[in-house]
Amino acid sequence: MRNRLLYWALLAPTALFALAMTVLPLVYSLRASLQEFRLGRPPAFVGLQNFQALLHDSSFHSSLGTTLIYTIFATGIEFLLGLGLALLLKEEFPFLKVIRSSLIIPMVIAPIVVGIIWRLLYSADVGLLSFAVQALTGKSFSVLSDTALALPALILVDIWEWTPFMFLILLAGIQSLPQEPFEAARVDGASPWNIFVNLTLPMLRPVIAVAVLIRALDAFTVFDQVFVLTQGGPGTATEVATLMIYKTAFRFSQFGYGAAMAVAVLVLVACFSAAVTRAFKGSV
Amino acid sequence: MIRRQFLKSSLGVTAAVAASSCGSQDRRVKLTIGADADPAVDILKDDFLPLFEKDTGIRAEWVEADYSGWLQKALNDGETKAGAFDIYVMDDLWVPQFAGSGYLANLDELGFQVDGDFVPSALDLGYWPPKIGLRQPGIDIRAKPVLYSLPLISDVQLLFYRRDIYTAGAPETWNDVLRMARQKSDPSKRRYGWVTRGVKGNPIMNSFFVLLHDFGGDVFGEHWKVVCNSPQAVEALEFYLSLLAYEPQGVAEFDSDQEGETLLQGNAFAATMWTGWCHQINDPAKSRVVGEIDFAVPPKKVNRVAKLGLFMAGIAASAPHKPEAMEFLRWVSRPDIQIRYARAGGMPYKLSAFKDEEARARFPYLGAALEALTVGVASPRISDWSKVEDILGTELNKALLEKGNAKQHLDAATAEATAFLKNAGYYAE
């Protein structure tokens, strides 16, 4: 009995801290999402009205679509590049450590700084990119004010920053694979492609699942780069869900509606995580 | 006798120590002022805050963040009544939100006496409900306006123009601007007749707002009817788009920093910009056009107006040091401080400071700024303005990207803003 009490007593501070830091804000957000909560007016309970409004909010649907495109392309390309780099750099060769170290530099820069760096590169008047294009073609070039190019430009920033993350995780995964099956396959005369498809990829499944899941969740909640580079523009071309939530809550002071958006995104992200976990069941 | 003397002197010393400790305790408080990190506040922060500390013995800490970050912090402090700040330095369009939500202390109740030396249009922005104009739903039409904040920096949009290009003086009309842009622009040499802010939302709206009102248009008509697709508004937007041919490539991604830089580097002949830029124009470290820029009220079409965008200061309802905060507001509003502030290059809010000969000789833009403040128009005084501004600003940005379709985009903005306001209860069923 005394041991049991001691057990709970020791656990209590951590449990209370976790409760205060994670569960309470979540409960507060849920409560706010059920309220008409605007500055200047007392909050009023409105039930599911905010969620009903979300169902008809074409701007929110559009922002979710943009976020999805961003997530799919950013994560997909980062995975392919990361895997390629990991396969390329798994063997020992001169300057390998220098190359590996320099590859992870983008990842350790704060996202807001990354945004500023790329804003300068993309800038229509003083940007390196527009200068290069103008020098080569004689035509002026403005990436961030082009509705067709702004989103790919943002995806490129994400790829630049986060491909090293994929690379590091996949490299660690590849290096931890047992060597015997590969040696046996080589003895049996399997081609490198066959070895990659039939051995490396299946054995890497758990690592791939974790890497893709982490990156996809992160990309789905992208904010900093979009905020610094485009503010959701031009027009609504880069208006991602998190930016819309932020603007709704903190610029337009519609805290209740913003909270409902946040809860909706949370549910979508949870469903996505569950789907990925189920798809890789047994691997993760 | 000796004992009595000792007791008397001991009592005297004790009383003196108690009194002095009470006094110094009061002075030992630290006033916390939160603000947006904007170059317009630099003179006040760097030169006048130390002066306030020296004059009053009150220590003051200036806490800043970027515009959005500061708004978020201030809203959070106001909502939770945390008391982290004594004074909120606000964009004037925050006043309806902050005062309407009870985040600000009533300055009338705290005993602030308004004098006749305030620039009237600047002072009016500190009242809630607004002294003039429409009132948002839920606000009694008979409710007496209460003073919740004071102007701190009189920011207003002026026409900045190159005197070597406009040799005959400031352009009187918008057609003069267009004509000069046509005549003298040369994009191959990076010489542009005009530069504007094009980023969606607040930046492009701030640029278009002046044109909209100058052309006789407005955002709202009677009973909050959205009228930003009126013929006057369409004409204003078409004119705004006609200037695009004489502007740098990519203005759709220009915010005020790029707009200002274009002017400072000598690449543009004119722009409507905030007075916060006046000081930088003549700073050789930042500008290539020192002494070449003049200032005026924006040109005329039907009306002649300027956009107000003042920095306001309000005492937080949860401020831990309200008396000291009030002392700061009284101190900074003193005519002698305002004159010193104007002479140091700041933008005052007292008429006497604007009219000070020495300040005007040093900073000629003060005359234009006072004139602009007199004809100034502020953002509509509703707590939902930011949303309406975002809707309009997004459609304006789209029109700018398409270099046309003014009517189509203003119709779309009107429909969306109307639907939003209807949902927010602005229209009686």
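Quick note on labels: first sequence line is chain A, next is B, and so on, each numbered from 1.
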Side chains of A:Ser142 and B:Gln249: donor-acceptor distance under 3.5 Å anywhere? no
Least distance between heavy atoms, B:Leu401 atom then A:Pro234 atom: CD1-CB, 3.1 Å
Heavy-atom pair with the smallest gap, counting every atom of B:Leu75 and A:Phe255: CD1-CZ, 4.2 Å
Most heavy-atom pairs under 4.5 Å with chain A, out of B:Asp390, B:Asn76, B:Asn202, belong to B:Asp390
Which pair of heavy atoms, one from A:Phe227 and one from B:Ser68, lies closest together, and at what distance? CZ-OG, 3.5 Å
Begin with the C-alpha distance, continue with both residues' side-chain angles, and end with the deciding distance and a verdict on salt bridge (Lys or Arg N to Asp or Glu O under 4.0 Å) for B:Lys200 and A:Glu239. CA-CA 11 Å; B:Lys200 65 181 277 191; A:Glu239 184 108 10; 2.5 Å; yes
Should we count NZ of B:Lys81 as having more than 12 external heavy atoms under 6.0 Å? yes
For B:Phe420, which atoms come within 4.5 Å of any heavy atom of chain A: side chain, backbone, both, or neither? side chain
Determine whether A:Phe37 and B:Glu79 satisfy the following criterion, side chain to side chain contact (heavy atoms under 4.5 Å, CB included), listing intermediate values before the conclusion. CA-CA 11 Å; A:Phe37 187 0; B:Glu79 185 62 32; 3.6 Å; yes
So, taking the atom named OH in A:Tyr257 and the one named CG in B:Asn423, what distance separates them when rounded to the nearest 0.5 Å? 8.5 Å
Chain B contact residues among residues 45-58 of chain A, heavy-atom distance under 4.5 Å: none
If one checks every heavy atom of A:Thr248 against chain B at 4.5 Å, the contacting part turns out to be neither
Any ion pair linking B:Asp384 and A:Arg251 (charged N to carboxylate O, less than 4.0 Å)? no
NZ of B:Lys73 to CZ of A:Phe250, rounded to nearest 0.5 Å, is 13.0 Å
Which one wins on heavy-atom pair count under 4.5 Å against chain B: A:Gly233, A:Gly235, A:Ala237? A:Gly235
When you look at CZ of A:Phe73, are more than 12 heavy atoms from neighbouring residues, nucleotides or ligands closer to it than 6.0 Å? no
Contact class of A:Thr147 relative to chain B, heavy atoms under 4.5 angstrom: side chain
Compare every heavy atom of B:Glu253 with every heavy atom of A:Ser145, then report the nearest pair and how far apart it is. N-OE2, 3.6 Å
Atom CG of A:Leu16 with >12 non-hydrogen neighbours under 6.0 angstrom: yes
Looking only at heavy atoms and a cut-off of under 4.5 Å, which of B:Glu416, B:Glu389, B:Gln258 has the most pairs with chain A? B:Gln258
Toward chain A, the part of B:Glu395 with a non-hydrogen atom under 4.5 Å: neither
Nearest 0.5 Å please: distance from the CH2 atom of B:Trp94 over to the OG atom of A:Ser253. 10.5 Å
